[in-house]
Each structure stands twice: as structure tokens, then as C-alpha cells.
Amino acid sequence: MPELPEVETIRRDLEKLLPGQIIKDVEIGAAKLIKEPGVREFKRRIKNKKIKGVRRRGKLLIIELSAGFLTCHLKLTGQLIYGEKDNKAKIGFLLSGGKYLNFNDLRLFGEIRLVDDWRNLLQIRRMGPEPLEADFTFETFKGMLEGKKSRIKPLLMDQAFIAGVGNLYAAEALFRSGIHPARTVNTLKPKETEELFLHIKGVLKEGIKYRGSSVDDYRDASGKKGFFASRLQVYGREGESCSRCKAKISRIKTGGRSSYFCPKCQK
DNA sequence: CGGGGCTCCTGTGCGC
DNA sequence: TGCGCACAGGAGCCCC
């Protein structure tokens, strides 16, 4: 599932490929993915727009056009792959260089929008801080946790709390911090809060360094897998031995989602 | 404010 | 062996 490191990897790839090219045409195989504006209007307005840059906010990929922005949310199974025409692609953008930007999406949860200003999107206005930006400091993080009574794992996955963290990186950050996923925030000791702050940043940076984790369908902009999956210590490893203490990795539900953790290392 | 449950969708994998 | 169903998950939404 694409989270911040996966989307950032795609962004960096596309930033090298797209700027300067013009969107000549769009082929729409799954109209439901186009959320805004209507499909006809989308087709009409996207044509002949020049690509100026590629940005990211949280898990949202933002392609800056000569007028307006094309935003893509990959959700669970979305892929943005640059290359030849792909007949399986749900949406295919034909570019002036002759190549295609293919949007694949097995489960059709993805969301594509053409908007005047991405900053006005409700999901953006609600979105919490970027965890890898300099202004996301320990002081900021402490302040954000103050007065909260929720369990830590669903909170980390809440995009309004922190942008870009999903199930996988939340699980790994909590493992590295020795914090049980069902712990309530108000029971965290100062030392644990500090560990968590450092490991959120650490695990996300490492995810980017290894070009993301291809547990399921994630691929980079060239269609290649990331390398981070083999470095996962708890996510998807139920029943396997903990790399630190050899206890068996457990799985519980928090906020309706699977949470993998080591029952011995995480309290 | 918090938490649970449902919804969208479809390939995978388990149980019978 | 083969079928059918539960499950997975990001995020919005409803409800208590």
C-alpha cells in the first residue's frame, strides 16, 4: 500500500520524466476514478496542458500543470507508471514525448482530480504536518499528543494527525519504539514519546532510501518493486520470530485494521 | 473527543 | 478437488 515513502519515490521518479511534456490526450477506462470534474470536462480541460512539476503532500501526488493541478491518490492498489501504452491501465495519459503515464488500479479505490488549486481540497485542508519537514519538531509532536486519549496506532494513521503514515510504517515505527499499538497516548512516558518521534522520521526516511516496500501492488514509476519489504520487522510477519527477542510476532485489530507487533518488545 | 462499524473493490487464500 | 466466502486495506461517513 502506498504510504509517504512510496508516493515520494514515485514523485522523485516522475519529477525527472514529466516536466516540460504536454498531455496530448487521455484514455479513460474506468470513469469512476475521475472524481472531479465530470469525465467529459476532465478530458476537455486536461488536453494540451503542460506539466510544470510534481509535488507530494501526505500520500497525495500533485502534478502541477500550466493551468491547474492533476492530483492522484493511489489508495490501496494504485500505480503510476511511465512508459509504453498499457492496455490494462485504467487511465492512460498520452504525453508529447510519445510515452504514456499509466494509472493502474486493481481495486478502483484511487482518486484522480483536476483542480484549480490543490490547497483547497478538503483532505489537504484537514491534513496534519509533513513528518519529514523541518517544522515537524519534537515540540510540535508533543503538543499534538497533548490531551489525546486515543490509542496510538490509529492516531498515527490518521491523516489529520500526521500526513503520510499508514498501516505499515505505523507498525514499524511502534516496533522500533517498543510501544504496543493499543497503548493510549496519555500513558506514554516522555522517553517513549521521544523514541516514537525519532522512529517515525527514521522509518519513513529509510522507506524512501529503499524506494518503498512492495508488500502488495506498489511499484515505482518504472514499474519496479521497492526494497524495503525485506527489512520489515513486524508488518505482515505474524507468527514469525521477532528479530530482536525471537518471540512470535502477534496481530491484533486496532481501529478495524491489522496491527502487527512483538508482544515481548512492545509494551 | 473517542471508537466501532460500514462502504467502496477484487484477488487471494482458507475452510468445508 | 473445488467451490464459496471472508478478508485485506485508505479514508470518508454515520452513529453511539
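Just so we're on the same page: letters track the sequence lines, and every chain starts at 1.
Look at A:Thr77 and you won't find any side-chain N or O under 4.0 angstrom from OP1 or OP2 of B:dC9. Side-chain N/O atoms of A:Tyr235 include one lying less than 4.0 angstrom from OP1 or OP2 on C:dG9. Proximity of A:Lys253 to the phosphate of C:dA8: a side-chain N or O atom is located under 4.0 Å from OP1 or OP2. The shortest distance between the side-chain N/O atoms of A:Lys59 and the OP1/OP2 oxygens of C:dA11 is below 4.0 Å. For the OP1/OP2 pair of C:dG10 and a distance below 4.0 Å, the side-chain nitrogens and oxygens of A:His73 include no atom meeting the criterion. Put simply, A:Arg251 has no side-chain N or O that comes within less than 4.0 Å of OP1 or OP2 on C:dC7.
Ring geometry, A:Phe197 versus A:Phe141: the interplanar angle falls from 30° to 60°, so the pair is classed tilted.
Look at NZ on A:Lys35: it is 17 Å from P on B:dT7, rounded to the nearest Å. One interatomic measurement links the two molecules: CG of A:Asp158 to P of C:dG10, which rounds to 13 Å at whole-angstrom precision. Put simply, CG on A:Leu108 is 15 Å from C1' on C:dG10, counting in whole angstrom units. Between A:Leu168 atom CG and C:dA11 atom C1' there is a gap of 17 Å when expressed in whole angstrom units. One can place CZ of A:Arg183 at 18 Å from C1' of B:dG2, the figure rounded to the nearest angstrom. If you measure from atom CD of A:Glu111 to atom P of B:dC8, you get 15 Å, rounded to the nearest angstrom. If you take NZ of A:Lys75 and P of B:dT7, they are 16 Å apart, rounded to a whole angstrom. We find that CG of A:Leu121 is positioned 11 Å from P of C:dG12, with the value rounded to whole Å.
Closest to the A:Arg107 side chain, of the nucleotides C:dC13, B:dG4, B:dT10, is B:dT10. You'll find that the side chain of A:Ser258 is closest to C:dA8, out of B:dG2, C:dA8, C:dA11. Proximity note for A:Arg151 (side chain, C-beta onward) versus B:dG3, C:dA8, B:dG11: the nearest is B:dG3. Taking the side chain of A:Ser150 as heavy atoms from C-beta on, and the options B:dG2, C:dA11, C:dG12, the nearest nucleotide is B:dG2.
Looking at A:Asp13 and A:Arg211, a side-chain N of the basic residue comes within less than 4.0 Å of a carboxylate O on the acidic one, giving a salt bridge. Under 4.0 Å is where a charged nitrogen must lie from a carboxylate oxygen, and between A:Glu130 and A:Arg56 at least one such pair does.
No side-chain donor from either of A:Ser230 and A:Tyr210 sits under 3.5 Å from a side-chain acceptor of the other. A:Asn167 and A:Lys153 share a side-chain donor-acceptor pair at under 3.5 Å.
Place A:Lys148 and A:Phe109 on DNA chain B by their nearest nucleotides, and A:Lys148 ends up nearer the 5' end.
If you check every strand for non-hydrogen atoms under 4.0 Å, A:Leu76 touches a base.
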